[in-house]
2 protein chains.
Amino acid sequence: MDPTQGPRRPSSPTIYDVATACGVAPSTVSRAFSRPGRVNAETAERIRKVAAELGYRTNPLARGLPTGKTSLLALIVADVTNPFFFQIIRGAERVARKAGYTMLVADVEESMETEREALDRVIPLVEGIVLATSRLSDSSIRVAAKQRPTVVLNRVMTDIPSVVTDNERGMRRAVEHLVELGHTTITYVAGPEASWVDGMRWRSLREATYQLELRARRIGPFQPTVAGGLAAARAFGATPTSAVIVYNDLMAIGMMRGLTEMGTRIPEDVSVVGFDNIFGSDFCTPPLTTVAAPLHNLGAFAIKTLLGQLASDAPRALRPALLPSQLIVRGSTGRKR
Amino acid sequence: MDPTQGPRRPSSPTIYDVATACGVAPSTVSRAFSRPGRVNAETAERIRKVAAELGYRTNPLARGLPTGKTSLLALIVADVTNPFFFQIIRGAERVARKAGYTMLVADVEESMETEREALDRVIPLVEGIVLATSRLSDSSIRVAAKQRPTVVLNRVMTDIPSVVTDNERGMRRAVEHLVELGHTTITYVAGPEASWVDGMRWRSLREATYQLELRARRIGPFQPTVAGGLAAARAFGATPTSAVIVYNDLMAIGMMRGLTEMGTRIPEDVSVVGFDNIFGSDFCTPPLTTVAAPLHNLGAFAIKTLLGQLASDAPRALRPALLPSQLIVRGSTGRKR
DNA sequence: CGAACAGCGGCAACCAGTTGCCACAGGTTG
DNA sequence: CAACCTGTGGCAACTGGTTGCCGCTGTTCG
């Protein structure tokens with residue numbers, strides 16, 4: 001039609017286009033979509049029909065600017081390459097999508113610095129934030145939470161909604177399992193010192209062993225990776241016990257490999273228990289006995305909690321949500337010789 | 001100050017606040033940030049200082065509305081829970097971040113439907129799109145590419161920039177490896193029929209075996225999962241060969257497990273080669289010989305290509321980028337008996 | 001000495017929605 | 001019959017930036 005313009009990008013139609021096509025005001029078009037009931041049913045129907053014909057889609061930026069409603073949520077994970085997070089991401093994304101939200105996943109590569117930057121970048125964009133295994137200090141988290149509704153995953157804070165696995169019961173079940181197999185001394189192989197979860201697991205182990213009249217010992221800290229597990233195997237080799245409980249599966253897998261290379265047989269010489277039941281814990285050798293975290297549900301529940309906050313902006317119950325874990329017995333644990 | 005309002009959310013300062021604090025016009029503040037050189041150096045310096053004091057941060061929504069520059073890129077992956085994608089995501093995110101972009105990862109759970117929805121939701125928000133292992137038809141992809149610069153990963157299209165692993169050479173190396181071990185017949189265990197990569201790998205195998213005067217056979221298709229590999233093991237058991245090359249590592253791991261359960265020894269009875277070198281392929285039993293894809297680089301390169309398109313909006317060379325793969329020999333392959 | 005020009009800042013329109021307030025029509029009530 | 005209320009649509013201001021264009025000032029050059 002207009003020969004002076006080349007084949008310009010077909011910029012999508014706006015409410016103004018729909019409005020003129022319908023012979024109504026733009027505000028009416030806006031209300032037809034966002035304010036059901038405010039517009040006469042027939043008019044609304046007509047507008048919706050014309051909009052569909054024109055291929056109108058409301059521009060999320062334009063909507064978000066005055067209202068702050070961007071339909072975006074942020075999920076900040078410590079390490080996307082850690083299988084621990086896969087199911088969490090999926091669970092979160094599923095719930096978010098169902099509620100009409102899009103999720104923005106940011107990987108912070110286990111770095112506090114990067115996490116802070118990611119947060120800065122993301123805050124003005126999103127309506128709410130889930131921090132999954134944050135490396136930030138409590139006070140930094142509070143600063144973020146002041147700007148946007150926030151939920152922390154895998155960490156308990158008194159003034160911010162938290163979602164965690166029930167480490168205490170999980171640990172208790174793991175210890176009971178080892179007792180049944182005749183073990184009397186348990187070594188805890190610790191993860192990173194700064195980890196809230198690590199502290200929690202060690203405390204739970206102490207408590208469980210105390211009640212069941214066992215001995216508990218701790219070595220570490222080690223990196224929460226396969227490599228960290230290898231290092232742990234070497235450290236453990238000096239003063240072995242018949243049973244170990246490892247901070248997480250990644251480390252447990254590395255540790256089993258290290259032990260096997262040193263000639264230690266699993267479970268004949270040493271029983272190994274991991275945590276989380278990540279991808280791979282079922283096909284390593286031997287398959288790992290582990291305290292399964294409800295990974296999918298963890299992600300899903302965190303988003304649900306966040307959506308709840310968004311809906312009724314009064315933050316509700318601050319008691320941390322404890323999601324149940326489950327002991328999965330596989331081949332890495334056996335009767336004490 | 002204003003007792004009628006409660007402790008309202010401290011909405012962040014705008015260019016207007018900075019402008020009045022500096023005694024200049026808002027447009028000058030805007031230019032001080034986005035148009036270096038356009039504003040007198042001293043003035044710009046003063047503005048930047050005041051802005052920093054006030055804690056001013058430019059609102060990405062407001063910037064994006066008139067300009068379309070949202071600093072967001074979309075990465076759409078077929079399945080976030082597939083370890084294949086972890087390193088891809090990280091590589092992509094790293095490059096994006098370094099260029100000042102934030103990445104929006106969308107999981108489509110291997111569903112065409114979901115992928116289309118994700119695309120719809122994300123298009124108006126982002127400046128460019130990477131489709132990693134898309135389940136969409138070529139024409140659907142073209143529709144998206146018409147709206148935003150698009151790069152496809154793990155798939156070749158003639159009219160859209162593509163980034164793929166060099167499957168041909170990788171397959172060639174795998175076959176050569178098996179020849180050296182004395183194998184003469186190779187079974188290819190196929191992945192999903194709709195997969196572009198599967199077709200490519202089978203074709204490459206045919207070619208390599210033809211040139212090296214071997215026999216090739218194909219079974220499948222199977223689901224590209226551990227479960228699919230288990231199914232493949234049963235199917236393969238009926239008419240075994242001494243060597244198999246499996247569509248990907250996930251399936252190869254499942255297949256090894258299936259074979260082991262059936263009493264087949266690896267690599268004594270059957271040599272197994274996988275593809276991709278995903279997390280876990282080194283600690284399954286036996287460790288898997290595999291054609292490693294440059295996962296991290298795949299993601300990084302896709303984003304680099306996309307950024308290139310964004311910079312010079314003329315789409316450049318459309319020859320697909322072939323990233324080299326590398327054979328990693330581990331314990332799952334051995335000399336033919 | 002006047003014209004031309006470069007440097008720099010401001011004005012105002014624009015992006016695409018949302019929403020408070022008003023106006024008008026028609027029905028209801030005292 | 002007047003006063004009032006309700007349902008529905010429009011006007012215009014607002015979100016927070018960006019940018020084309022204009023005008024002022026001071027310098028340079030013919």
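Just so it is clear, the values below take in all heavy atoms, side chains as well, and ignore hydrogens, waters and symmetry mates. Labels below follow one simple rule: chain letters A, B, ... track the order of the sequence lines, proteins then strands, and each chain is numbered from 1.
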| Can you list the residues that meet the side-chain hydrogen bond (donor to acceptor under 3.5 Å, both in side chains) rule with Ser111(B), with sequence neighbours excluded? | Thr114(B)
Between the protein and nucleotides 24-26 of chain C, list every N/O to N/O distance that falls short of 3.5 Å.
none

| message | Whole angstroms only, please: what is the CG-C1' distance between Leu54(A) and dA16(C)? | response | 15 Å
| If you look at every strand shown and take non-hydrogen atoms under 4.0 Å, does Ser27(B) touch a base, only sugar-phosphate, or nothing? | base
| Is a side-chain donor or acceptor of Thr305(A) paired with a backbone partner of Phe301(A) at a separation under 3.5 angstrom? | yes
| Between which nucleotides of DNA chain D, 5' to 3', does chain A make heavy-atom contacts below 4.0 Å? | dT8(D) to dG16(D)
| Under 3.5 Å, side chain of Arg148(B) to main-chain N/O of Val126(B), donor-acceptor pair present? | yes
| Axis bend over the full length of the helix from dC1(C)-dG30(D) to dG30(C)-dC1(D), computed from five pairs that close each end, to 10 degrees | 50°
| Can Glu109(A) and Arg135(A) be counted as an ion pair, charged N to O under 4.0 angstrom? | no
| remark: Result for side-chain contact (heavy atoms from CB on, under 4.5 Å) between Arg155(A) and one of Val197(A), Ile141(A), Val163(A) points to Ile141(A)
| remark: Within residues 118-126 of chain A, the residues having a heavy atom closer than 4.0 Å to DNA chain C are none
| request: Provide, to the nearest angstrom, the distance between the CG atom belonging to Asn59(B) and the P atom belonging to dC15(C). | output: 18 Å
| query | Sequence neighbours excluded, which residues qualify as salt bridge (Lys or Arg N to Asp or Glu O under 4.0 Å) partners of Arg121(B)? | reply | none
| task | Give me the residues of residues 62-69 of chain A where at least one heavy atom lies under 4.0 Å from an atom of DNA chain D, by number, or none. | result | Leu65(A), Pro66(A)
| query | Would you say Asn59(B) and Arg63(B) make side-chain contact, with heavy atoms under 4.5 Å? | reply | no
| said: I need the CD-C1' distance between Glu45(B) and dC8(C), as an integer number of Å. | reply: 17 Å
| message | Please enumerate all residues that pass side-chain hydrogen bond (donor to acceptor under 3.5 Å, both in side chains) together with Thr20(A), with sequence neighbours excluded. | response | none
| Which atom names give the shortest non-hydrogen contact between Leu310(A) and Pro149(A), and what distance separates them? | CD1-CG, 3.5 Å
| request: Decide yes or no on side chain to side chain contact (heavy atoms under 4.5 Å, CB included) for Val164(A) and Leu153(A), but give the supporting numbers first. | output: CA-CA 6 Å; Val164(A) 290; Leu153(A) 200 59; over 6 Å; no
| said: Just to verify, what does Ser134(A) make a side-chain hydrogen bond (donor to acceptor under 3.5 Å, both in side chains) with, not counting sequence neighbours? | reply: Glu115(A)
| Looking at OH of Tyr101(B) and CG of Leu307(B), how far apart are the two atoms once the value is rounded to the nearest 0.5 Å? | 6.0 Å
| message | Within residues 28-41 of chain B, which residues have any heavy atom lying less than 4.0 Å from an atom of DNA chain C? | response | Thr28(B), Arg31(B), Arg38(B), Val39(B), Asn40(B)
| Between dG17(C) (P) and Tyr16(A) (OH): distance, integer Å | 8 Å
| said: Ignoring hydrogens and geometry beyond distance, is a side-chain donor-acceptor pair present between Ser30(B) and Ser27(B) at under 3.5 Å? | reply: no
| Close side-chain approach of Ile47(A) and Thr43(A), heavy atoms under 4.5 Å | yes
| What residues form a ring pair (Phe, Tyr, Trp, His ring centres under 6.0 Å) with Tyr56(A), not counting sequence neighbours? | Phe33(A)
| query | What pair of heavy atoms forms the shortest contact from Glu127(A) to Ser71(A), and how long is it? | reply | OE2-N, 2.6 Å
Mind listing the side-chain donor-acceptor pairs of residues 72-91 of chain A below 3.5 Å, one per line with the distance, residues two or more places apart or on another chain?
residue, atom, partner, partner atom, Å
Asp79(A), OD1, Thr81(A), N, 2.8
Asp79(A), OD1, Thr81(A), OG1, 2.6
Asp79(A), OD1, Arg90(B), NH2, 2.7
Asp79(A), OD2, Thr81(A), OG1, 3.4
Asn82(A), OD1, Phe84(A), N, 2.8
Arg90(A), NE, Asp107(B), OD2, 3.0
Arg90(A), NH2, Asp79(B), OD1, 2.7
Arg90(A), NH2, Asp107(B), OD1, 3.4
Arg90(A), NH2, Asp107(B), OD2, 3.2

| If you measure from OG on Ser12(A) to CZ on Arg57(A), what distance do you get to the nearest 0.5 Å? | 9.5 Å
